[in-house]
Undergrad: 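Dropping the structure in here first, questions after.
Remember, it's a predicted structure, so these values are computed and weren't measured experimentally. Ligands are counted one by one from 1 in listed order, and the atoms in each one are counted from 1 as well.
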Amino acid sequence: MRRSLVVGNWKMNGNRGKSLGLLGDILAGLGEGAKADVGVCPPFVYLPEVGEALTGSSVLLGSQNVADQDEGAFTGEVSALMLKEFGCQLAIVGHSERRLIYGESSALVAARYAKALQHGLIPILCIGETLEERESERTFDVVGEQLDAVLHTAGVASLAKAVIAYEPVWAIGTGRTASTEQAQEVHSWIRARIAKLDANISESLQILYGGSVKPDNAAALFSMPDIDGGLIGGASLDANSFLKICHSA
Ligand code: 13P
């Protein structure tokens with residue numbers, strides 16, 4: 001039985017005070033015995049303070065990206081070793097905003113994924129198609145290529161310590177969620193593709209859905225057999241909404 005996981009991706013939002021306030025409200029509202037595992041991914045600069053505020057809590061700390069190198073002349077990058085120093089446990093890689101706005105290739109994403117794993121961070125590998133790709137019936141080609149890049153670099157066994165997030169680009173920040181059937185179709189396709197390589201890993205792999213998850217659609221999405229939780233953008237910036245989503249999982 002797979003555990004559910006709900007992760008808030010705060011993206012480049014808030015400020016120092018708001019980040020700590022949001023976290024405080026989330027911790028106060030989560031209480032004990034939440035069924036799902038919960039994580040937050042603040043902007044890099046707030047990781048130390050958010051990490052400190054998480055001391056003694058079961059909420060996981062994650063970064064929004066991770067370097068494909070350990071150290072050196074890589075301006076603007078933050079290494080997995082540095083993230084580990086501040087208590088990070090998760091690292092998002094391959095978010096569509098990185099792929100599409102900043103031009104990160106699947107090969108680079110795979111290298112970031114491998115570095116996260118090498119240093120004991122759990123990568124959350126984001127994959128998903130654009131609207132144009134969906135409308136031209138290339139969804140499975142695109143998602144397959146994004147997945148294969150990681151499988152070629154790190155192997156299927158790496159997925160034993162990783163999480164996948166299916167995030168259709170057309171559903172991110174648009175208020176247009178994939179229907180439960182659309183999401184389930186892709187999630188089960190991903191799981192089946194991995195099952196061909198390793199049935200046990202496929203069965204235990206958490207596959208999250210991301211893209212306009214809100215308190216009113218979370219429960220239906222999370223009830224689908226291959227959806228194991230969510231990667232939440234906008235709604236994770238409001239403690240009440242995020243808590244409702246966490247409690248739906
Ligand atoms: P929204 O929930 O704002 O659509 O963002 C989803 C996302 O990109 C999470 O990584």
Side-chain angles (χ1 to χ4, degrees), residues 4-14 18-19 22 26 36-44 46-47 50 59-66 88-102 104 106 109 112-113 116 121-131 133-134 139 142-143 146-147 150 162-180 182-183 186-187 190 206-222 224 227-249:
S4 297
L5 173 64
V6 179
V7 178
N9 174 8
W10 295 357
K11 307 193 180 183
M12 197 175 73
N13 288 296
K18 279 190 192 163
S19 294
L22 173 59
I26 291 170
D37 293 329
V38 174
V40 292
C41 299
F44 282 118
Y46 304 132
L47 284 169
V50 169
V59 173
L60 302 165
L61 182 66
S63 61
Q64 297 177 15
N65 208 349
V66 58
C88 264
Q89 295 141 294
L90 310 168
I92 296 173
V93 296
H95 193 281
S96 61
E97 286 147 19
R98 298 302 318 174
R99 293 179 190 265
L100 297 172
I101 304 175
Y102 296 97
E104 291 193 11
S106 288
V109 171
R112 294 185 186 281
Y113 170 98
L121 290 168
I122 297 171
I124 302 178
L125 171 70
C126 299
I127 56 181
E129 81 289 1
T130 63
L131 185 59
E133 288 160 347
R134 173 162 282 262
T139 296
V142 171
V143 169
Q146 293 170 338
L147 194 56
V150 160
V163 172
I164 288 180
Y166 169 58
E167 299 206 310
V169 178
W170 47 273
I172 294 177
T174 58
R176 180 177 165 186
T177 323
S179 69
T180 50
Q182 283 173 320
V186 180
H187 281 233
I190 293 168
Q206 289 170 312
I207 307 179
L208 313 184
Y209 169 79
S212 298
V213 178
K214 306 288 177 206
D216 61 2
N217 59 26
L221 284 160
F222 299 163
M224 302 309 280
I227 301 182
D228 306 310
L231 185 56
I232 319 299
S236 74
L237 300 172
D238 175 75
N240 277 333
S241 299
F242 186 63
L243 287 164
K244 281 186 190 147
I245 294 169
C246 292
H247 288 128
S248 309

Undergrad: Going by the order shown, which atoms of ligand 1 are within less than 4.0 Å of some heavy atom of Gly211?
TA: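 In order of number, 4 (O), 6 (C).
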Undergrad: Look at atom 9 (C) of ligand 1 and say which protein heavy atom is nearest, naming residue and atom and giving the distance to 0.1 Å.
TA: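 Heavy-atom neighbour on the protein nearest atom 9 (C) of ligand 1: Glu167 OE2, 2.9 Å.
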Undergrad: Which atoms of ligand 1 have any heavy atom of Asn9 under 4.0 Å away?
TA: 9 (C), 10 (O)
Undergrad: Tell me if a side-chain donor or acceptor on Tyr166 pairs with a main-chain N or O of Ile190 at a distance below 3.5 Å.
TA: no
Undergrad: Could you establish whether Ala235 and ligand 1 come within less than 4.0 Å of each other, counting only heavy atoms on the residue side?
TA: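 Flag not set, Ala235 not near ligand 1.
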Undergrad: For Lys214, is the nearest heavy atom under 4.0 Å from an atom of ligand 1?
TA: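 No.
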Undergrad: Is any N or O atom of Lys11, backbone or side chain, closer than 3.5 Å to an N or O atom of ligand 1?
TA: yes
Undergrad: Could you tell me which atoms of ligand 1, counted from 1 in the order shown, lie closer than 4.0 angstrom to a heavy atom of Gly173?
TA: 1 (P), 3 (O), 4 (O)
Undergrad: Can you tell me the protein heavy atom closest to atom 2 (O) of ligand 1 and the distance?
TA: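 Checking every protein heavy atom, the shortest distance to atom 2 (O) of ligand 1 gives Gly233 N, 2.9 Å.
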Undergrad: Keeping the roles fixed (side chain from Gln89, backbone from Leu61), state whether a donor-acceptor pair exists under 3.5 Å.
TA: yes
Undergrad: Look only at interatomic distance and state if His95 has a nitrogen or oxygen under 3.5 Å from any nitrogen or oxygen of ligand 1.
TA: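 Yes, since at least one N or O of His95 sits under 3.5 Å from an N or O of ligand 1.
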Undergrad: What's the spacing between Ile127 CD1 and Ser96 OG if we round to 0.5 Å?
TA: 11.5 Å
Undergrad: Check contact between Cys126 and ligand 1, using heavy atoms of the residue and a distance below 4.0 angstrom.
TA: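 False for this residue.
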Undergrad: Is a side-chain donor-acceptor pair under 3.5 Å present for Gln64 with His95?
TA: no
Undergrad: Drop me the distance from Ile124's CD1 to Leu5's CG, to the nearest 0.5 angstrom.
TA: 6.0 Å
Undergrad: Using a 4.0 Å cutoff against the non-hydrogen atoms of Ala171, which atoms of ligand 1 qualify?
TA: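 Atoms satisfying the 4.0 Å criterion: 4 (O).
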Undergrad: Using distance alone, with no hydrogens and no angle criterion, decide if Asn65 and Glu104 have a side-chain donor and acceptor under 3.5 Å apart.
TA: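 Note: Asn65 and Glu104 side chains meet the donor-acceptor criterion.
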Undergrad: Between CD1 of Ile164 and CG of Leu231, what distance do you get to the nearest 0.5 Å?
TA: 13.0 Å
Undergrad: Within ligand 1, which atoms have a heavy atom of Gly234 less than 4.0 Å away?
TA: 1 (P), 2 (O), 3 (O)
Undergrad: State whether the side chain of Asp228 and the backbone N or O of Val163 hold a donor-acceptor pair below 3.5 Å, judged by distance alone.
TA: no
